[in-house]
Amino acid sequence: MNSRVYNFSAGPSMLPEPVLSRAASEMLNYQGSGQSVMEMSHRSKVFDGIIVRCEELLRKVLGIPSNYKVLFLQGGASSQFAMIPLNLMNGSGKADYILTGQWATKAQKEAARYGDARVVASSKDKTFTYIPKTTAADFDPEADYAYICMNNTIYGTKYAELPDTGKVPLVADVSSCILSEPLDVSKFGLVFAGAQKNMGPAGLTVVIVREDLIGHARDITPTMFNYQTHADNRSLFNTPPCYAIYICMLVLEWLEELGGLEEMAKINRKKAGILYDFLDNSKLFRGTVEKEYRSLMNVPFVTGSDELDKKAVKEAEAEGFINIKGHRTVGGLRASIYNAMPLEGVEKLVDFLGRFEKANS
Ligand SMILES: *Cc1c(COP(=O)(O)O)cnc(C)c1O
């Protein structure tokens, strides 16, 4: 393989090419420091410049209010499934969860180890192909928080509108939609994301948490699982994922240069529109999700025949469209078209799917 492929992986996924080129050019000697970012002390002045700039850019690009802390952590999004209840389930010991897929289900299971993690609504009855409707009355006003997964990576749904949870702080897993379009952080108590979908390489987890929710962790909380530990030390209590933070900084610079999240959203709507339009008009392929809940980032689709699905995946791969096989629980195909997937990648995929349809019907 001499050229780069179009990688439709759900994560880790593509990074913007200018970011990779920049990282390559700075690999041996970061801005005259004589070292790679991978080699430098996390206590050095030069690395401090990186982590400070990464946070500044994230605050600017997302418009994060000043009463929120930004934490750069490790342990993946999955560690948050425990950190959230340990830190937040500390008043009534109750929390409300909406199950919209595997990730929300895993989060609820983990929280149930620490308290009363109630399932308020679920879309499991239809293989998570929609987002269940709720009203403020569905939520326990005593709950310490209400939890959603905003974009469901496996099933390809997303919240078009946030649920009204009354006064209960809303917590959201935004791993697969952060930075894809504007997000009003002030509507949440906490949002978190594994970086490997839209922010950078694996190894970094970003938590954005309202200050008043920090500092009430249970006594049993491991020091490293306490948000306060990291908030008090600017994410430098121990060695942070330095290189991943550096790449995240470059991704944010790329996003800012491109015009920020309004512009990114326009591009993402265009990309997703091309794919959904094709699926809506195809006689062979169809999307698996109810239209109003369609994700901009993850697009699952099927032919209706396992055999043809497999053939399509195989032939796509031969043409340089990789990781397009659907999740085993959905089957078929799934195109994850995160920020770094070029428009051209989606156009070429649709061209391939059109040719496949002609040849196979
Ligand atoms: C990928 C993903 C996760 C899991 O992330 P890890 O960093 O592997 O723990 C959780 N939630 C969502 C929505 C995801 O897309």
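Counting starts at 1 for both ligands and their atoms, in listed order.
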*Using non-hydrogen atoms of the residue, decide whether Q80 is closer than 4.0 angstrom to ligand 1.*
no
*With a 4.0 Å cut-off on heavy atoms, does G11 reach ligand 1?*
no
What residue and atom, counting heavy atoms only, is the protein's closest point to [atom], and at what distance?
{"atom": "atom 15 (O) of ligand 1", "answer": "T153 OG1, 2.5 Å"}
{"atom": "atom 11 (N) of ligand 1", "answer": "D173 OD2, 2.6 Å"}
{"atom": "atom 5 (O) of ligand 1", "answer": "A77 CB, 3.4 Å"}
{"atom": "atom 9 (O) of ligand 1", "answer": "S78 OG, 2.6 Å"}

Nearest non-hydrogen partners of [X] and [Y], listed with the distance:
{"X": "A143", "Y": "S92", "value": "CA-OG, 3.9 Å"}
{"X": "G332", "Y": "V302", "value": "CA-CG1, 3.8 Å"}
{"X": "I247", "Y": "V19", "value": "CG2-CG1, 4.0 Å"}

*Y130 six-ring centre to K126 NZ/CZ under 6.0 Å and within 45° of normal*: yes
*Charged tip of K197 within 45° of W103 ring normal and under 6.0 Å*: yes
*Pick one of side chain, backbone, both or neither for how A202 approaches ligand 1, counting any non-hydrogen atom pair under 4.0 Å.*
neither
*Side chains of S180 and N268: is there a donor and an acceptor less than 3.5 Å apart?*
no
Distance under 4.0 Å to a non-hydrogen atom of [X]: what atoms of ligand 1 satisfy this?
{"X": "G76", "answer": "7 (O), 9 (O)"}
{"X": "Q196", "answer": "5 (O), 6 (P), 7 (O), 8 (O)"}
{"X": "C149", "answer": "13 (C)"}

*Ring center gap for Y30 and Y246 short of 6.0 angstrom*: yes
*Examine F81 against ligand 1 and note whether any of their N/O atoms are separated by less than 3.5 Å.*
no
_Using a plain distance cutoff, I'd like to know if K197 has any nitrogen or oxygen under 3.5 Å from a nitrogen or oxygen of ligand 1._
yes
_Against Y147, only a single residue in I98, I84, L170 fulfils side chain to side chain contact (heavy atoms under 4.5 Å, CB included); can you say which?_
I84
